[in-house]
Amino acid sequence: MVSGLEDVVAAETILSDVDGQSGRLIIRGQSLDELVKHATYESVLTLLWEGFFKELPPASDMPMLLGTARQKVFKHFEAADAELVQQPTVDAVRALIARLPDADDIGSALLLVAAPAVFTPGILRLQRKLEPIAPNGKLGHAADMLRMLSGETPTQEQASALDRYLVTVSDHGLNASTFAARVVASTRAGLTSATLAALSALKGPLHGGAPGPVLDALDSIASPEHASTWLQDALDRGERLMGFGHRVYRVRDPRADALKEALKRLTQSGQVDAKRLQLAESVEAAALDLLARKKPNRPLQTNVEFYTALLLEALGIPREAFTCVFAAGRSGGWIAHAREQAVNGRLIRPQSRYIGPTPHQPQQDAAA
Ligand code: ACO
């Protein structure tokens with residue numbers, strides 16, 4: 001048995017490759033650092049879904065179709081009663097996604113990508129006793145997400161920063177949530193079931209739930225000179241430093257650099273609190289130093305979640321919604337993997353090794 005299935009190959013895919021030794025991520029033949037230079041999230045959906053749907057629309061239609069899908073899912077706020085709204089944001093969003101039809105056509109796929117982008121800002125507003133804002137189908141996906149949250153059209157820099165984030169997290173090999181999606185898809189359940197399983201895996205703090213706690217740590221550290229002591233105390237208590245370490249990467253996560261660049265651009269246009277960024281950089285340096293000394297044989301580097309936290313905070317997204325915004329980007333990848341599994345794969349059904357007690361043998365009982 002391989003603990004945590006580390007290094008076990010459980011699927012063949014044409015979607016993405018995570019090279020943990022050289023710190024490179026390839027998404028359908030393009031390296032992430034190149035992809036983020038030109039792609040929009042809508043264009044990445046076409047890239048990921050090519051070959052997995054009978055009627056995949058041309059890339060030029062994708063923004064309009066995704067805009068229409070956002071408008072369609074908005075009506076599900078009718079079901080957002082007080083009990084649902086009181087739940088943690090990710091659970092409320094998941095409950096609304098569960099209302100979508102469980103099919104596997106392109107229309108359902110678009111609804112599932114639109115859903116976290118629309119439900120997240122709407123639930124956040126309802127939690128603050130504000131009305132959800134209806135989508136504007138003509139805006140870009142990222143710009144509309146920010147508008148549905150604040151009610152204001154975001155700046156060009158803000159919209160492209162969120163767009164770059166969505167592209168950056170769109171797919172990432174056989175991570176825990178994508179594996180969950182593929183297991184469900186392998187049973188021939190629909191895309192909504194696969195997406196709900198994936199979102200449920202994503203919300204855990206070891207996966208997509210880490211960036212909220214990254215900000216909690218920054219708040220608690222408060223000033224650069226406290227970083228080392230605070231982090232050392234956390235390690236002494238046996239805690240993990242959120243935003244560091246990865247199952248596959250042994251060098252820096254390339255997504256962290258893609259997001260750091262987006263953050264740099266926002267900083268240049270005066271849209272990031274410079275002190276916050278300075279604190280984060282001190283915390284990152286101190287954490288890397290302490291982790292290198294604690295685990296000299298296990299390189300523990302900054303992962304995507306560290307800069308996700310700073311970027312999403314700078315965009316005015318509250319920390320309780322970070323996992324949902326991650327889901328808004330990763331939904332495209334989950335759907336691509338679910339379709340790839342359903343089209344090309346077999347039922348995923350591994351074995352377990354029984355290590356529990358065995359029943360009493362009747363002969364032994366009689367002899368006794
Ligand atoms: N802080 C402190 N110690 C760590 C950290 C960390 N962030 N990450 C790993 N370690 C230690 C472990 O305690 C373990 O030590 P041990 O052998 O003495 O028990 C050793 O390094 C190896 O760690 P594993 O648990 O085997 O590594 P694994 O591959 O299972 O975990 C994970 C990867 C879950 C990401 C881990 O590094 C972690 O918990 N990081 C913090 C949470 C986080 O940032 N998650 C987001 C990941 S990115 C994403 O999912 C999108």
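Note that the coordinates shown come from a computational prediction; the quantities given were computed from them, not determined experimentally. Positions are given from 1 along the sequence. In listed order, ligands and their atoms are each counted from 1.
- In this structure, the side chain of Asp104 does not engage the main chain of Gly190 through any donor-acceptor pair within 3.5 Å.
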Checklist entry - Can you list the steps and then say if Arg265 with Glu157 is a side-chain contact (heavy atoms from CB on, under 4.5 Å)? => result CA-CA 7 Å; Arg265 289 185 200 172; Glu157 291 86 5; 5.8 Å; no

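- When heavy-atom distances to ligand 1 are checked against 4.0 Å, the residues falling inside are Pro205, Leu206, His207, Ala210, Leu235, Arg240, Leu241, Met242, Gly243, Phe244, Gly245, His246, Arg247, Leu291, Lys295, Arg298, Leu300, Asn303, Val304, Glu305, Phe326, ordered by chain and number.
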Distance-only donor-acceptor pairs under 3.5 Å for side chains of residues 76-83, two or more places apart:
| residue | atom | partner | partner atom | Å |
| --- | --- | --- | --- | --- |
| His76 | ND1 | Arg99 | NE | 3.0 |
| Asp81 | OD1 | Glu83 | N | 3.4 |
| Asp81 | OD1 | Leu84 | N | 2.9 |

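- Its side chain outside the 4.5 Å cluster rule for every partner, Leu347 clusters with none of the Ile, Leu, Val, Met, Phe, Trp and Tyr residues.
- Side chain of Thr187 to main chain of Val183: no donor-acceptor pair is present (N/O by atom type, distance under 3.5 Å, no hydrogens or angles).
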Enumerate donor-acceptor pairs with a distance under 3.5 Å from any side-chain N or O in residues 165-181 to protein atoms, sequence neighbours excluded.
| residue | atom | partner | partner atom | Å |
| --- | --- | --- | --- | --- |
| Thr168 | OG1 | Arg164 | O | 2.6 |
| Ser170 | OG | Val167 | O | 2.8 |
| Asp171 | OD1 | His337 | NE2 | 3.1 |
| Asp171 | OD2 | Ser16 | OG | 2.7 |
| Asp171 | OD2 | His337 | NE2 | 3.1 |
| His172 | ND1 | Arg255 | NH1 | 3.4 |
| His172 | NE2 | Tyr249 | OH | 2.7 |
| Asn175 | OD1 | Ser177 | N | 3.2 |
| Asn175 | OD1 | Ser177 | OG | 2.8 |
| Asn175 | OD1 | Thr178 | N | 3.0 |
| Asn175 | OD1 | Thr178 | OG1 | 3.1 |
| Asn175 | OD1 | His207 | NE2 | 3.4 |
| Asn175 | OD1 | Arg330 | NH1 | 3.3 |
| Asn175 | ND2 | His172 | O | 3.1 |
| Asn175 | ND2 | Gly173 | O | 3.3 |
| Asn175 | ND2 | Thr178 | OG1 | 2.9 |
| Ser177 | OG | His207 | NE2 | 3.0 |
| Ser177 | OG | Trp334 | NE1 | 3.0 |

